[in-house]
Amino acid sequence: MTRTLASQALSHKGKKITVVGWLHKKRLLGGLTFINVRDRSGLIQVVIKDNVEVEKLRGMQIGTVLTVEGLVKEEQRAPGGAELHDVKVIVIVPVEDQPPIEIDKPLDHKAENLDTLFEYRPIGLRNMQETAIFKIRGTITRALRDYFYQNEFTEVHTPKLLAAATEGGAEVFKLNYFGKEATLAQSPQFYKQILVGVFERVFEIAPVYRAEPSATTRHMTEYISIDGEMGFINIDDLKEFLSGLLNHVVDEVWKVHADDLKKWNTIKPTLPKDIPSLSMEEIHDLYTKATGANTVGEKDLRPDEEKWICEYAAKNLKSEAVFVTDWPAIDMKFYHKAQDGKPELADRVDLLFRGLEITTGSMRENNHTILVKQLKEMAGGNPEDPGFKYFLMAMQAGMPAHGGFGMGLERLTEKIIGLNNVKEATLFPRDINRLYP
RNA sequence: GGGCUCGUAGUGAAGUGGUUAUCACGCCUCCCUGUCACGGAGGAGAUCGCCGGUUCAAUCCCGGUCGAGCCCGCCA
């Protein structure tokens, strides 16, 4: 027996083929029965007229594993233009319990029902509308990786088990490491900067862990961080790279997944070649004038403000993404660099996309003396601490001007597809309450 | 950490201080030869999250508890 994939059936027109897969749908019309069989390539429609064959499927639920042997007929009325006739059915793995959630119709993604969606995740993912999310996500990951390689980045993997929390900011998970305390990496920050001194350009696509008690539609305790870091650049180079990256990903996804995207009713985002920039101050002014809520002088953007400015940019700047520049230096991390000639501003840029912050990037302080000073003054850190020592070792060994960014893969996927929660774009999400499946 | 909201068949929802808790999808039986969210007839399936209180009577009102969701803070 030679297996033929569902999507290849038409090329075997008039011949007998064998398809292996899962029963995806049964429609009994009396003397005529239609079934759909799903394999990795998609669905094929099978027409069964022989009652003996139909009876083999009595009581068999969606998910039953089948072999179907039959003659390929070109048929305009069939989805995909081909179907199998004169078939012989073999049930390989019978499934007699009905699935707890539907597999052949779109699943409800209302916020209050997401818990059910995840409770039955192993089965619900077989729903092809769910599958589409993760095929698209896979393409997003590949497109990101391709773009990094095209731009001569080296792909790296840095440790996720660390001795102690040093970077500051987010809360970290602690764990017992053979009697010592260890933590899970909340970011590859120090490692990717160290590696700029080695490779000049590096990227990593890997999980990071954050023990923040944030229960929102945009937070998880484990997520995939897309980290890039480049030497010999300035903040404009960084923005240019990010513009190119986002455009490449979007183009690639729409090239490959037109049908899957239609399932989610999403349209291709409007993005100019160079994504426009607005300063923090400009955004506060615009938002305050438009809404009456006074945010002038605030050191960050409110979530509502992020949504609003994205709508503003879509309308007035013909872009569904926007860079936020000129962040106050008061709030910057010790390894960030202040702007030349404007020490009150950080050389930082955030990327907002369809109302959500998907990226934070910045130039890093590459002057060892200033860096040590900032470590002591801004983070209260000790340069001799092993958590900083090795990082500073690299920073003292010849570091050019460099900068980089972190991007949330789930946030990017969510916004490309038009979902409402990062967890919907995650196979098996982890949040404060959820540690399974 | 703070605030708000919600728990009713496998799933999604409606509903009421009082006789047998309603609908859709799914499931089972039967009918149906071009379905593709097939259609038609019938059927099974719910200790109304849990504990306590008020009441002649609670799924409904009150309190607690457990679970979930959303917003804020923070972040990607």
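Every chain is numbered from 1, with letters handed out A, B, ... down the list of sequences.
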#### Entry: Residue pairs fulfilling salt bridge (Lys or Arg N to Asp or Glu O under 4.0 Å) with at least one residue in residues 8-20 of chain A, sequence neighbours excluded
Lys13(A)-Glu74(A)

Counting only pairs under 3.5 Å, give me each side-chain donor-acceptor contact of residues 140-147 of chain A, with atom names and distances, residues two or more places apart or in other chains.
from	atom 1	to	atom 2	distance (Å)
Thr141(A)	OG1	Arg137(A)	O	2.8
Arg142(A)	NH1	Asp146(A)	OD2	3.3
Arg145(A)	NE	Glu155(A)	OE1	3.2
Arg145(A)	NE	Glu155(A)	OE2	3.1
Arg145(A)	NH2	Glu155(A)	OE2	2.8

Pair up each side-chain donor or acceptor in residues 37-46 of chain A with any protein partner under 3.5 Å, not counting sequence neighbours, and list the distances.
from	atom 1	to	atom 2	distance (Å)
Asp39(A)	OD1	Ser41(A)	N	2.8
Asp39(A)	OD1	Ser41(A)	OG	2.7
Asp39(A)	OD1	Gly42(A)	N	3.2
Asp39(A)	OD2	Ala6(A)	N	2.8
Ser41(A)	OG	Ala6(A)	N	3.3
Ser41(A)	OG	Ser7(A)	N	3.0
Ser41(A)	OG	Ser7(A)	OG	3.3
Gln45(A)	NE2	Glu83(A)	OE1	3.0

### Query
If you look only at pairs with a residue in residues 10-44 of chain A, which of them pass as a ring-ring contact (aromatic ring centres under 6.0 Å, His included), with sequence neighbours excluded?
none

### Task
Just grab all the salt bridge (Lys or Arg N to Asp or Glu O under 4.0 Å) pairs involving residues 271-282 of chain A, residues at least two apart or on different chains.
none

Can you check nucleotides 9-12 of chain B for protein contacts, nitrogen or oxygen pairs under 3.5 Å, and list what you find?
from	atom 1	to	atom 2	distance (Å)
G10(B)	O2'	Pro100(A)	O	2.8
U11(B)	O4'	Pro100(A)	O	3.3
G12(B)	OP1	Thr116(A)	OG1	2.9
G12(B)	O3'	Asp108(A)	OD2	3.4
G12(B)	O3'	Asn113(A)	ND2	2.9

### Task
Using a cut-off of strictly less than 4.0 Å between a heavy atom of the residue and any atom of RNA chain B, enumerate the qualifying residues of residues 55-69 of chain A by number.
Arg58(A), Gly59(A), Gln61(A)

### Task
Just grab all the salt bridge (Lys or Arg N to Asp or Glu O under 4.0 Å) pairs involving residues 105-125 of chain A, residues at least two apart or on different chains.
Asp115(A)-Arg434(A), Arg121(A)-Glu130(A)

### Message
Any residue in residues 128-151 of chain A with a heavy atom nearer than 4.0 angstrom to RNA chain B? Just list them by number, or reply none.
### Response
none

## Note on the structure
What residues 277-311 of chain A contributes to the RNA chain B interface at heavy-atom separation below 4.0 Å is Pro303(A), Glu306(A)

Acceptor/donor pairs from residues 303-313 of chain A side chains to any protein atom, 3.5 angstrom cut, sequence neighbours excluded:
from	atom 1	to	atom 2	distance (Å)
Glu305(A)	OE1	Arg302(A)	N	3.1
Glu305(A)	OE2	His284(A)	ND1	2.7
Glu305(A)	OE2	Thr295(A)	OG1	2.7

### Watson-Crick/G-U partner (both atom distances under 3.5 Å) of C4(B)
G69(B)

### Summary
Quick tally for nucleotides 36-43 of chain B: nucleotides whose base has a protein heavy atom under 4.0 Å get B, sugar-phosphate-only ones S, the rest -, giving BBB-----

